[in-house]
Amino acid sequence: MRHTLFLLLIITYFSASAQINEGIKPIIDTLCSPYFSGRGYVDKGCEKAADFLTTHFNELGFDYKNIYTQEYSFNVNTFPQKMQVVINDSQRLEAGIAYLVDAASAGGHYRRLKTQRLALGSVQSKEQLLQLFKQLNTNHFAYIIDSLDLLAKLLHTNRDLILMRLPKGIFIIPVPKKLTWGVANWHNKACVLYMLESYIPDDFSSIDIDIDQRYIKHSNQKNILALIPGKSDSMLIFSAHYDHLGKMGSTSYFPGASDNASGTAMLLMLAQYYKEKKDNRYTMVFIAFSGEEAGLLGSHYFIEHPLINLNKIKFLTNIDIAGDATNGITVVNGTVFNNQFDLLKIINSQSNLVPEIRSRGKAAISDHFYFSEKNIPSFFIYTNGGKGYYHDIYDQANELSLNNIDNLYNLLIHFYSNL
Ligand SMILES: [Zn+2]
């Protein structure tokens with residue numbers, strides 16, 4: 001088996017450009033620029049990114065008849081304008097740096113609420129917790145909630161379910177180290193702030209809040225698919241999600257360089273490669289999904305309403321977080337599709353590409369998931385490296401090293417040419 005593989009590799013080995021980063025970088029820079037507003041739901045960020053992708057595929061030589069736009073919609077909670085938090089009458093906190101508003105949070109306008117710690121130590125049941133919530137005086141107090149996760153664990157529930165039960169009012173959850181944001185397709189009664197402990201003064205006594213929130217029903221979104229017909233109608237697919245978290249207030253946005261402008265740029269570079277190659281044995285398909293950060297909603301819609309014959313998919317590789325492969329890559333589904341994983345490893349060691357390939361089992365953490373649930377052979381590949389910026393305002397284009405990204409690109413092409 002290995003011997004046969006080796007022969008195949010010699011036949012199909014070729015030298016893809018090592019200058020790939022020069023193509024990837026400007027795409028990442030563009031997608032992370034303020035114009036795209038973090039590719040979310042404020043200022044039409046996602047919509048602009050979809051237009052950019054369609055145009056880019058067309059510029060690569062894809063005929064419009066081979067570029068498909070799939071429209072669908074979902075509900076999403078947004079913070080389009082005012083986002084102002086002032087503590088102790090005078091100290092204005094910066095959105096994204098000192099605090100985040102919970103993705104499912106309500107907005108609100110509150111003046112000089114006194115702060116009070118919410119004593120949850122005695123709560124032993126969900127009923128007691130709900131009773132406690134009923135007694136709160138949210139017209140006068142902003143409540144600081146410590147150890148929310150501990151409480152959730154004790155009550156065998158999760159943080160989101162507790163936040164859903166909070167009454168209208170202001171709640172502050174201190175966070176020791178890192179703020180991490182998300183997208184919610186529901187909205188709560190309470191306005192919940194995650195505040196970095198380093199920004200909470202010992203004499204924290206009052207808070208003023210001005211937060212505009214808007215719940216958008218049926219926000220229209222698009223999956224973009226581009227296709228190159230091959231000698232066979234059997235398909236090899238690359239996918240990447242192009243949406244991110246968007247804006248939190250009018251000034252803070254989440255560029256999502258690593259997650260997932262990097263994977264989107266890789267998708268476009270691969271599309272360029274196969275478009276220029278012309279004589280593709282398989283039909284090559286490139287899918288840019290939206291709605292991933294809102295809960296894999298784009299790929300879920302796609303699998304329920306496929307634009308292609310799912311039975312013809314020979315393999316799908318989803319790329320999400322591909323900005324720094326200093327420590328190699330991880331392959332989700334590596335332990336599920338063993339033969340393909342072995343092939344990937346052999347190619348990598350023979351061509352000396354990325355330093356390490358780790359393997360994981362199945363995981364519902366990106367857009368490969370619904371494909372592999374339908375037994376379609378598929379990997380989700382992410383890179384290991386970088387500074388750990390994730391779902392925060394620091395995930396910026398200039399923070400990506402792009403180490404070994406050219407090697408990842410070569411690895412993916414070699415892998416597909418040997419399938
Ligand atoms: Zn992602």
Side-chain angles (χ1 to χ4, degrees), residues 24 27-32 36-41 45-46 49-50 52-53 74 76 96 100 103 178-185 221-224 237-248 253-270 286-303 316-325 329-333 358 360 362-373 378-397 399-402 405 408 412:
I24 280 182
I27 300 173
I28 296 176
D29 287 344
T30 301
L31 288 171
C32 294
F36 291 95
S37 300
R39 305 183 304 285
Y41 311 96
C46 260
F52 168 82
L53 291 170
F74 54 82
V76 64
L100 295 177
K178 187 195 169 305
L179 296 171
T180 304
W181 210 37
V183 177
N185 31 45
Q221 300 302 322
K222 292 169 183 169
N223 294 324
I224 311 291
I237 303 184
F238 286 108
S239 69
H241 76 86
Y242 68 91
D243 63 296
H244 194 54
L245 311 177
K247 290 181 94 164
M248 198 185 76
Y253 80 104
F254 294 69
S258 162
D259 185 10
N260 188 27
S262 62
T264 307
M266 177 67 85
L267 181 82
L268 294 176
M269 293 305 289
L270 290 164
F286 307 88
I287 314 177
F289 287 116
S290 54
E292 196 268 356
E293 304 289 6
L296 315 182
L297 300 182
S299 51
H300 184 255
Y301 187 86
F302 184 91
I303 209 88
L316 176 143
T317 302
N318 179 58
I319 308 153
D320 186 359
I321 299 189
D324 187 325
I329 60 172
T330 296
V331 180
V332 173
N333 281 349
R358 294 179 212 161
R360 280 178 67 168
K362 71 178 204 174
I365 52 173
S366 193
D367 290 321
H368 64 291
F369 179 69
Y370 292 111
F371 291 88
S372 58
E373 285 297 282
S378 45
F379 286 160
F380 159 32
I381 293 180
Y382 61 88
T383 58
N384 299 312
K387 299 178 181 173
Y389 299 137
Y390 172 76
H391 284 212
D392 55 37
I393 59 162
Y394 307 106
D395 180 11
Q396 297 170 2
E399 297 290 353
L400 300 184
S401 73
L402 299 182
I405 297 306
L408 172 60
L412 293 171

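Whatever order the structure lists them in is the order used to number ligands and atoms, beginning at 1. For the single chain, residues carry numbers from 1 onward in sequence order. Values reported hereafter were calculated over all heavy atoms of this structure, with side chains retained and with hydrogens, waters and symmetry mates removed.
At a cut-off of 2.8 Å, H241 coordinates the Zn ion (ligand 1) through an N, O or S atom. Coordination check, E293 versus the Zn ion (ligand 1): failed, since every N/O/S atom of the residue sits at 2.8 Å or beyond.
Within D259, the N, O or S atom at minimum distance from the Zn ion (ligand 1) carries the name OD1.
Side-chain atoms of T383 and D324 form no donor-acceptor pair, as typed in the model, at a separation below 3.5 Å. Side-chain contact of H391 with E293: a donor-acceptor pair under 3.5 Å is present, judged by distance alone.
By the ring-ring contact (aromatic ring centres under 6.0 Å, His included) test, F380 is found to be paired with H368, Y382, residues two or more places apart in sequence or in another chain being considered.
The nearest pair of heavy atoms linking C46 to Q221 is CB-OE1, 3.4 Å.
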